Asker: 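Structure provided below as structure tokens; questions to follow.
This is a predicted model, so every value here is computed, not measured. As a basis for the values below, the full set of heavy atoms in this structure was taken, side chains included, without hydrogen atoms, waters or symmetry mates. Here is the naming used below: chain letters follow the sequence lines, and residue numbers restart at 1 for every chain.
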Amino acid sequence: MSKLVKDAEQQLRSSVISAVSKAIAAGDLPAMPLCEFNIEVPADRTNGDFSANAAMASARSFKLAPRKIAEAIYNNIFLGDTYFERCEVAGPGFLNFFLSDEYYANILKDIRSLGDDYGKSNFGKGKRVMIEFVSANPTGPMHMGNARGGALGDCLASVMDYAGFDVSREFYINDAGNQIDKFALSLDVRYLQHFLGEDAVELPEDSYHGEDITTRANEFAEIYGDKFVNADESERRKALVDFALPKNIENMQSTMLKYRIEYDKWFNESLLHNNGELAETLELMKERGLTYESDGALWYKSTEHGGEKDEVLVRANGNPTYFAADIAYHRNKLSVRGFDKSIDIWGADHHGHVSRMKGVLDAIGIDGSRLDVVLMQLVRLTRGGEVVRMSKRTGKAITLVDLLEEIPIDAARFIFNMREAGSQMEFDLDLAVEQSSQNPVYYCQYAHARICSIVKKLKAGGIEPRECSIEELKLLNTPEERELILHLSSLTDEIISAAKNYDPAKITRYVIELATLFHKFYNACRVSVEDEPLMQARLYLCICVRDTIKNVLSMLKITAPESM
RNA sequence: GCGCCCGUAGCUCAGCAGGAUAGAGCGUUCGCCUCCUAAGCGAAAGGCCACGCGUUCGAAUCGCGUCGGGCGUGCCA
């Protein structure tokens with residue numbers, strides 16, 4: 001496990017350093033300080049399990065050829081109390097180290113004893129982190145961007161949880177402001193059209209044209225009839241919104257649940273309007289001299305805080321902008337509720353907003369670096385190689401609901417996490433439903449099912465898995481077994497790296513690689529063999545792999561079937 | 001115009017706190033089940049890592065520039 005890997009690396013580093021001291025004492029090297037050097041895992045394992053570039057890094061300082069320095073280190077190195085059994089000088093001056101059987105055997109012991117906790121660490125030290133994602137407008141159906149954002153945000157949250165952060169998942173509901181007015185207007189027009197005919201009232205170009213609006217208006221009409229047709233416009237619109245908005249929000253909640261996303265909190269923007277926090281935030285900004293009035297609107301002096309141009313906070317008509325509410329919201333997260341960090345998942349088209357937001361937080365006295373934004377590129381949907389167009393306006397776009405009806409949740413969650421957020425991705429609908437090797441989620445699940453099947457088969461033959469001794473586990477020494485064990489050992493580091501980079505795609509890649517290495521092992525080594533200790537050792541390894549696959553998949557909330 | 005992201009095999013993408021012969025999947029070609037799940041494995045073919053210059057022992061990785069693509073630049077969110 002990772003602790004072991006770290007130990008191994010640390011052991012190596014100090015061995016190299018003391019070898020240099022010894023070499024200097026013996027006169028093999030000049031008495032110069034050793035430069036900083038790296039220890040890394042070579043891409044090609046014939047170059048060892050770990051490799052140090054100390055000789056090359058210090059070539060200049062020692063004024064000696066790297067190769068000569070490497071040999072001096074080699075001649076003075078002592079590996080007796082490490083997990084390494086040997087070392088060699090290679091290439092331009094690399095020192096390559098090879099792990100002992102002992103090491104491999106111990107990794108497996110550790111994995112088994114940690115059980116479900118394997119992979120977890122205290123990297124995050126319990127820091128309170130909020131991950132805000134999807135936060136779709138409740139005025140219409142959720143789209144493909146929300147689909148990717150949902151899988152990304154939720155899996156990132158799990159990864160950070162494993163890495164030792166205190167994680168909270170949140171959905172920000174934009175249930176106030178401009179788009180709600182637009183929503184009201186759109187519903188209003190559809191409602192009136194329902195009774196007066198389509199030509200009676202015209203739907204403005206910049207309102208919501210989706211069928212979902214018509215559907216809601218018709219539902220409303222069925223319940224309340226035409227009694228609002230001649231009512232006061234604002235009364236009618238309020239009634240329509242009060243009817244339609246909760247329905248939309250409920251739909252989003254049930255869709256998210258179907259997508260296996262459970263939020264800790266659904267936060268209403270309207271709360272900030274109603275509880276005074278928005279006004280308070282604006283007041284605070286005024287006090288700090290961050291604002292001015294012009295053309296009847298209240299402006300934020302963005303240009304004085306790293307922004308490209310000033311921004312409107314309160315429109316001339318008295319309505320606060322989305323930006324103003326968002327400032328109050330982030331102040332609520334970081335200051336009122338005291339999260340150490342807010343990680344927001346945004347569509348890449350909002351990137352212009354990032355520096356603005358961080359800048360304004362700094363300006364109101366909240367360290368802007370406590371906000372991190374993960375920008376997510378758009379998804380290109382394809383079907384059989386053909387790009388499937390999606391246009392929210394026409395109402396014919398493929399929605400998140402459509403997607404989840406068409407493809408398995410496992411596949412959606414997995415595939416959306418195969419690419420890092422920043423890269424544009426293609427999502428092949430045909431591939432996602434395909435139950436074949438081409439579909440990576442099945443490939444991983446298949447490895448799990450295969451192991452379950454082996455265990456079951458052995459059990460049927462009267463063979464129960466048992467505890468193995470270190471000596472027995474040392475029998476796992478084929479290249480395929482070694483590679484597999486080594487990869488198992490890197491899980492914790494991989495999760496930490498994914499948390500650090502806000503990139504859960506590292507974990508899907510990890511599990512694909514694990515499945516690949518297992519399938520290779522499966523083809524190279526038979527578990528059910530005559531040699532009882534070897535069979536038990538292999539069975540032990542299989543169970544480690546099975547549990548790790550299951551552990552990782554369940555972290556991503558993807559199922560691990562026992563048979564396929 | 002200015003700002004951000006991106007350019008790696010035919011296609012989709014890894015690799016990018018600089019390291020040894022640049023990887024994987026798909027597609028193509030050829031192999032492997034009397035044996036634990038062939039939803040698997042192996043092999044072959046496929047590359048001026050967009051281009052140029054620089055930094056250094058060493059660059060796909062870092063810097064500058066060019067070209068090509070995406071996005072942003074609303075009293076929209």
Asker: Measure from OH on A:Y522 to P on B:C35 and round the result to the nearest Å.
Answerer: 11 Å
Asker: So, is A:N178 near the phosphate of B:C76, with a side-chain N or O under 4.0 Å from OP1 or OP2?
Answerer: yes
Asker: Have a look at A:N501 and say if it touches a base, only the backbone sugar-phosphate, or nothing, with a 4.0 Å heavy-atom cut-off.
Answerer: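 Answer is nothing: A:N501 stays at 4.0 Å or more from every strand.
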Asker: Decide whether A:E483 and A:H487 meet the rule of one side-chain donor and one side-chain acceptor closer than 3.5 Å.
Answerer: no
Asker: Got a salt bridge between A:R356 and A:D326, using NZ or NE/NH1/NH2 to carboxylate O under 4.0 Å?
Answerer: no
Asker: With respect to the side chain of A:M564, which nucleotide from B:C36, B:C5, B:A39 is positioned closest?
Answerer: B:A39
Asker: Could you check how far CG of A:L375 sits from C1' of B:G3, rounded to whole Å?
Answerer: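 Atom-to-atom, A:L375 to B:G3, this comes out as 13 Å.
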Asker: What is the base-pairing partner of B:C33, counting Watson-Crick and G-U wobble geometry with both distances under 3.5 Å?
Answerer: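 By the stated definition (distances under 3.5 Å), nothing pairs with B:C33.
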Asker: So A:R538, base contact, sugar-phosphate only, or nothing? Heavy-atom distance under 4.0 Å.
Answerer: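 Counting heavy atoms under 4.0 Å across all strands, no contact is made by A:R538.
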Asker: When all nucleic acid strands are considered with a 4.0 Å heavy-atom cut-off, which category describes A:E562: base, sugar-phosphate, or nothing?
Answerer: base
Asker: Between A:Y322 and B:G74, does any side-chain N or O lie under 4.0 Å from OP1 or OP2?
Answerer: no
Asker: What do you reckon, do A:F94 and the base of B:A20 stack, with centroid distance below 5.5 Å and planes below 30°?
Answerer: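 It does: the ring sits over the base of B:A20.
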Asker: What integer distance in Å separates A:R419:CZ from B:C26:P?
Answerer: 13 Å
Asker: Using the C1' atoms only, state how far B:C6 lies from B:A50, rounded to an integer number of Å.
Answerer: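 The answer is 12 Å between these two C1' atoms.
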Asker: Which residue, A:V527 or A:A52, contacts RNA chain B at a nucleotide closer to its 5' end, judged by nearest heavy atom?
Answerer: A:A52
Asker: Check this for me, if you would: do A:R86 and A:E88 make a salt bridge, where the nitrogen-to-carboxylate-oxygen distance has to be below 4.0 angstrom?
Answerer: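 A salt bridge links A:R86 with A:E88.
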Asker: For A:M56 and B:C57, what is the distance between atoms CE and P respectively, to the nearest whole Å?
Answerer: 12 Å
Asker: Pull up the glycosidic torsion of B:A17 and say syn or anti, syn being anything within 90° of 0.
Answerer: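 It is syn.
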Asker: Which part of the nucleic acid does A:M418 contact within heavy-atom distance under 4.0 Å: base, sugar-phosphate only, or nothing?
Answerer: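 Here A:M418 touches no strand at all.
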Asker: Would you say the side chain of A:H351 and the base of B:C71 hold a donor-acceptor pair, judged only by whether the two atoms sit under 3.5 Å apart?
Answerer: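 Answer is yes: a donor-acceptor pair is held.
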Asker: Quick test of your reading of the model: are A:E481 and A:K520 salt-bridged, counting only N-O distances below 4.0 Å?
Answerer: no
Asker: Could you tell me whether the side chain of A:S51 has a donor or acceptor atom within less than 3.5 Å of a complementary atom in the base of B:A20?
Answerer: yes
Asker: If the C1' atom of B:C35 is compared with that of B:A44, how far apart are they to the nearest Å?
Answerer: 28 Å
Asker: Hey, are A:N417 and A:T508 close enough side-chain-wise for a donor-acceptor pair under 3.5 Å?
Answerer: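 Side chains of A:T508 and A:N417: no pair found under 3.5 Å.
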Asker: If we take the P atom in both B:C57 and B:A22, what is their distance in whole Å?
Answerer: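 Between the two P atoms, the distance is 23 Å.
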Asker: Classify A:R509 by what it touches in the nucleic acid, base, sugar-phosphate, or nothing, heavy-atom distance under 4.0 Å.
Answerer: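 The residue A:R509 makes sugar-phosphate contact but no base contact.
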Asker: May I ask you to decide whether A:E293 forms a salt bridge with A:K286, counting only side-chain N to carboxylate O separations under 4.0 Å?
Answerer: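 Result for this pair is no, no salt bridge flagged.
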Asker: Who is the Watson-Crick or G-U wobble partner of B:C4, with both distances under 3.5 Å?
Answerer: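 Pairing partner: B:G70.
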Asker: Quick one: on RNA chain B, does A:M425 or A:A515 contact a more 5' nucleotide (nearest heavy atom)?
Answerer: A:M425
Asker: With heavy atoms under 4.0 Å as the rule, sort A:D295 into base, sugar-phosphate or nothing.
Answerer: base
Asker: Between B:U73 and A:K309, is there an OP1 or OP2 to side-chain N/O distance shorter than 4.0 Å?
Answerer: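 False: A:K309 side-chain N/O out of range (4.0 Å or more) of B:U73 OP1/OP2.
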Asker: Where do A:L95 and A:C87 come nearest, in terms of heavy atoms and distance?
Answerer: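 Shortest heavy-atom separation between A:L95 and A:C87 comes out as CD2-SG, 4.0 Å.
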Asker: Taking OP1 and OP2 of B:U37, is either one under 4.0 Å from a side-chain nitrogen or oxygen of A:S453?
Answerer: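 Checking A:S453 against B:U37: at least one side-chain N or O falls below 4.0 Å of OP1 or OP2.
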Asker: When you compare B:C64 with B:G27, how far apart are their P atoms, in angstrom units rounded to a whole number?
Answerer: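 Result for the P pair: 41 Å, nearest Å.
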Asker: Looking at B:G40, B:C75, B:C41, which one has an atom nearest to any side-chain atom of A:Y446?
Answerer: B:G40
Asker: Decide, for B:C33, between syn and anti: a glycosidic angle within 90° of 0 counts as syn, anything else as anti.
Answerer: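 Syn, angle within 90° of zero.
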Asker: For A:E513, which contact category applies under a 4.0 Å heavy-atom criterion: base, sugar-phosphate, or nothing?
Answerer: nothing
Asker: With rounding to the closest Å, how many angstrom separate the P atoms on B:C75 and B:G19?
Answerer: 46 Å
Asker: Taking CG from A:D349 and P from B:G72, how many angstroms apart are they, rounded to a whole number?
Answerer: 6 Å
Asker: Between atom CD in A:E88 and atom C1' in B:A20, what is the gap in whole Å?
Answerer: 12 Å
Asker: When you look at A:Y502 and A:D372, which way does the side chain to side chain donor-acceptor pair (under 3.5 Å) test go after all the steps?
Answerer: CA-CA 10 Å; A:Y502 300 150; A:D372 278 324; 2.7 Å; yes
Asker: Using Watson-Crick or G-U wobble geometry with both distances under 3.5 Å, which nucleotide pairs with B:G46?
Answerer: none
Asker: Which nucleotide in the set B:C36, B:U37, B:A39 lies at the smallest distance from any side-chain heavy atom of A:A449?
Answerer: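 Shortest atom-to-atom distance from the side chain points to B:U37.
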Asker: Suppose you measure atom P in B:A43 against the same atom in B:C48; what distance do you get, rounded to whole Å?
Answerer: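 Looking at atom P only, B:A43 and B:C48 are 24 Å apart.
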Asker: When you measure from the centre of the six-membered ring of A:F37, is the NZ or CZ of A:R13 closer than 6.0 Å and no more than 45° off the axis?
Answerer: yes
Asker: Please determine if a side-chain N or O atom of A:Y443 lies less than 4.0 Å away from the OP1 or OP2 oxygen of B:C41.
Answerer: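 Yes.
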Asker: So what does A:C452 touch, heavy atoms closer than 4.0 Å: a base, only the sugar-phosphate, or nothing?
Answerer: nothing
Asker: What interatomic distance, in whole Å, is found between C1' of B:A17 and the corresponding atom of B:G63?
Answerer: 16 Å
Asker: Please tell me if A:R315 has a side-chain N or O lying less than 4.0 Å from either OP1 or OP2 of B:A77.
Answerer: yes
Asker: When rounded to the nearest Å, what value does the distance between C1' atoms of B:G23 and B:A60 take?
Answerer: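 Between the two C1' atoms, the distance is 12 Å.
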Asker: Only pairs with both distances under 3.5 Å count, Watson-Crick or wobble alike; so what is the partner of B:G65 in this structure?
Answerer: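 Across all strands, the one nucleotide that pairs with B:G65 is B:C51.
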Asker: At 4.0 Å (heavy atoms only), tell me whether A:E311 reaches a base, stays on the sugar-phosphate, or touches nothing.
Answerer: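 Answer is nothing: A:E311 stays at 4.0 Å or more from every strand.
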Asker: Whole Å only: how far is the NZ atom of A:K506 from the P atom of B:A14?
Answerer: 10 Å
Asker: Separation of A:N53 atom CG from B:U61 atom P, in whole Å?
Answerer: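 Going from A:N53 (CG) to B:U61 (P), I get 19 Å.
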Asker: Using a 4.0 Å heavy-atom cut-off, does A:S355 contact any base of the nucleic acid, only the sugar-phosphate backbone, or nothing at all?
Answerer: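 It contacts nothing in the nucleic acid.
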